[in-house]
Amino acid sequence: MVLQVYNTQTRTKEEFVPLEPGKIRLYVCGITVYDFCHIGHARSAIVFDVIYRYLLHLGYEVVYIRNFTDIDDKIIRRANEEGTDYRTIADRYIAAFYGDMDALGVLRPAMEPLATDNIPEMLQIVGKLVDKGAAYQAGTDVYFSVDRFEGYGKLSGRETEDLMAGARVEVDVKKSNPLDFVLWKGSKPGEPSWDSPWGPGRPGWHIECSAMVTKYLGPTIDFHGGGKDLVFPHHENELAQSEMAFGVPFVRYWLHNGFVNINNEKMSKSLGNFFTIRDVLKDVHPEALRLFVISKHYRSPVDFSDETVAEAERGLERLYSTLESVLERVPGKVDAQFTEDVLKKQDPELYEKAVSLPAAFRESMDNDFNTAQAIGYIFALQRNLQRFLDKFGRKNLKGAAAVLARRAADTLTGQCNILGLLTLAPGDFFETQRRLKLKSTGVTEEELNEFIELRHKARQEKNFAEADRIRLELEAKRIHLEDSPQGTKWRVSL
RNA sequence: GGCGGCAUACCCAAGUGGCAAGGGAGCGGUCUGCAAAACCGUUAUACAGCGGUUCAAAUCCGCUUGCCGCCUCCA
């Protein structure tokens, strides 16, 4: 089986062949640090986190780089609004970003370089382009000359004539071609600036990625990723300047994730319909958000709503619930040896599903990271496992049945871990989940425990009317009581 | 105006030529003092519409309709 990936540039799925056997160079465009991240950023981060985890799982050495754009117009504007400097703003939101990413369980890339730490490298590329006649100075700015790069438009599938015709931007008179883009921007008085052969200034938007890709990974890399909106102009321009400067292919496979929509409309700052990661995580468990994101193929748009997120939460609770049952019902040590045949006889379907899950999972993931399908297989095994557990009523499992249940649970957990799911002990998950959800009911844990205690007494006295009254009172607040042999548990409905 | 994507049950969502995965919700049942959870059963002669290719199409081709995105900062 081979990994197939959809390459934006060719618009087809291609067999993945790394530049260097066993090694993968992966670069993902990070964020511009001028505000808190929203769930669109979360989707991108989670999608590439899953891809990164999967490539590691396949046994590749993956060098994963994700940059921070820490100098740009929006950062400067924000600094001016707050009467502070760009560095303060950038550092604040870098810290916030790390907080969000850690909360989401996103693995850290090998390196997360800052644009401003790589200015000399950028100037080097600008110099190369000027020397080759592919860039020119106009006023205090330096522009890339799109006409000089034959392949311009090959990533986004556009013809330069089409772009010209549809140009919505006011044409900058300094440019010799309206499509030319700025490599180096002369700074206005009071703006942050760096010295350069073309005068004091700061980098244009695209040059930083070209510089950092080359510096940390080399002139040709395997994967370059980001949101769909970066295809044009950002990645198109990166590609143009890099290939012009270094004369070798820039990226072997371009990966772009789809958007998060709200009510079927793109979520964006300009539309004002966005949710920050930190706000969402106030009532949604990070693994539930992750499951929500990867329940759909990464290239498709995904609609974010209370309903769609709640579905993911319920699904995740189901998985953890089954795992919890296995922990409770299968004795701590399962050391007895049984032949495969004996295990299979316990429940042929469960046995078969457990044994075949890794292959099915891998086949899905090898097909352009089809996490949605992989999750389908995971739920199928979960269902079989739960069914198997239920066959034993409330009894603990013993012997071969215990071994089979344990093996199925381990397989489930193992595959989910590759996606960054089921990374917690079930007990810890449910505790966090209950605490998150209880906040929205206005009932404190102490109050709730008092209710449960009162009801417990009423039940002991066979005063079921009172017991049911308490149940109903709590249900009105979406708190459901579940009587079990281990005592009364509770959960908040989603 | 140019370029691109999507359309599968009540909802979400896989499927990319050979009997339509999975999840949620609903309904009926088992269990329960009553519940909940869980389990069992049930819910698409059918994949926007029309035409074509094929022994065979949700899957390939063409047209039509509807929605969305990019072309400006944007994950």
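Within every chain, numbering begins at 1; the chains are lettered A, B, ... in the order of the sequence lines, protein sequences first and strands thereafter.
Contact check of residues 416-432 of chain A against RNA chain B (heavy atom, cut-off under 4.0 Å) returns no residues at all.
Atom-to-atom, CG of A/Asn370 to C1' of B/U59 comes out at 15 Å; the value is rounded to the nearest Å. Nucleotide B/A37 holds its P atom 17 Å from the CG atom of A/Leu319, rounded to whole Å. Atom NZ of A/Lys13 and atom C1' of B/G15 are 10 Å apart (whole Å). Here the P atom of nucleotide B/U16 and the CD atom of A/Glu363 are 10 Å apart, to the nearest Å. Whole-Å rounding puts the A/Asn263 CG to B/C68 P distance at 12 Å. Protein atom CG of A/Asn257 is 16 Å distant from nucleotide atom P of B/G69, rounded to whole Å. Note: CZ (A/Phe361) to C1' (B/A14) measures 15 Å, nearest angstrom. Taking atom CZ on A/Arg387 and atom C1' on B/C40, their separation rounds to 9 Å, with Å as the unit.
In terms of polar N and O atoms assigned as donor or acceptor, the side chain of A/Arg318 never comes within less than 3.5 Å of the base of B/G23 in a complementary pairing. Between the side chain of A/Arg43 and the base of B/A75, no donor-acceptor pair under 3.5 Å is found. Between the base of B/C34 and the side chain of A/Asp483 there is a donor-acceptor pair shorter than 3.5 Å. Between the side chain of A/Arg158 and the base of B/G1 there is no donor-acceptor pair of N/O atoms closer than 3.5 Å.
With sequence neighbours excluded, the residues satisfying side-chain hydrogen bond (donor to acceptor under 3.5 Å, both in side chains) with A/Thr10 are A/Thr12, A/Glu14. Under the side-chain hydrogen bond (donor to acceptor under 3.5 Å, both in side chains) criterion, A/Arg78 pairs with A/Glu82, A/Tyr93, sequence neighbours left out. The side-chain hydrogen bond (donor to acceptor under 3.5 Å, both in side chains) search around A/Arg387 returns none, not counting sequence neighbours. Remark: A/Tyr98 engages A/Phe68 in a ring pair (Phe, Tyr, Trp, His ring centres under 6.0 Å) (not counting sequence neighbours). Annotation: ring pair (Phe, Tyr, Trp, His ring centres under 6.0 Å) contacts of A/Phe275 (sequence neighbours excluded): A/Phe304. Under the side chain to side chain contact (heavy atoms under 4.5 Å, CB included) criterion, A/Ser295 pairs with A/Leu291, A/Ile375, sequence neighbours left out. Not counting sequence neighbours, the partners of A/Trp254 by the side-chain hydrogen bond (donor to acceptor under 3.5 Å, both in side chains) test are A/Gln9.
Between A/His41 and the phosphate of B/A75, there is a side-chain N or O to OP1/OP2 separation shorter than 4.0 Å. Applying the 4.0 Å criterion to OP1 and OP2 of B/C40, one finds that A/Lys391 has every side-chain N and O outside that range. Residue A/Asn261 places none of its side-chain N or O atoms closer than 4.0 Å to OP1 or OP2 of B/C68. An OP1 or OP2 oxygen of B/A75 is reached within less than 4.0 angstrom by no side-chain nitrogen or oxygen of A/Arg66. Close to B/G5, at under 4.0 Å from its OP1 or OP2, lies no side-chain N or O of A/Arg299. At B/A38, none of the side-chain N or O atoms of A/Arg383 fall inside 4.0 Å of OP1 or OP2 (strictly under the cut-off).
In this structure, A/Phe379 does not pack face-to-face on the six-membered ring of B/G22, missing the 5.5 Å centre cutoff or the 30° plane limit.
A/Thr322 and A/Ser325 form no side-chain donor-acceptor contact under 3.5 Å, judged by distance and modelled atom types alone.
In this pair, A/Phe274 and A/His38 present their aromatic rings tilted. The plane angle is within the 30 to 60° band. The aromatic rings of A/Tyr64 and A/Tyr52 sit tilted, their planes meeting at an angle between 30° and 60°. By the 30° and 60° cut-offs, the orientation of the rings of A/Phe369 relative to A/Phe223 is perpendicular.
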Write down the protein N/O and nucleotide N/O pairs, taken from nucleotides 11-13 of chain B, whose separation is under 3.5 Å; answer none if there are no such pairs.
{"residue": "B/A13", "atom": "OP1", "partner": "A/Lys296", "partner atom": "NZ", "Å": "2.3"}

If you restrict it to nitrogen or oxygen atoms, what contacts under 3.5 Å exist between nucleotides 27-32 of chain B and the protein, and what is each distance?
none

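The stretch residues 411-424 of chain A participates, sequence neighbours left out, in these side chain to side chain donor-acceptor pair (under 3.5 Å) pairs: A/Glu287-A/Thr423.
For A/Phe181 and A/Phe144, the ring centers are positioned less than 6.0 Å apart. The distance between the ring centers of A/His206 and A/His235 does not fall below 6.0 angstrom.
Salt-bridge check for A/Glu466 with A/Arg469: passed, with a basic side-chain N closer than 4.0 Å to an acidic carboxylate O.
Nucleotides B/A14 and B/A7, compared at atom P, are 9 Å apart to the nearest Å.
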For RNA chain B, just give me the dot-bracket, please: Watson-Crick or G-U, both distances below 3.5 Å, ( ) intra-strand, [ ] crossing earlier pairs, | paired with another strand, . unpaired.
-> ((((((((.[[[..)..(...]]].(((((.......))))).....[[[[[..)....]]]]])))))))....
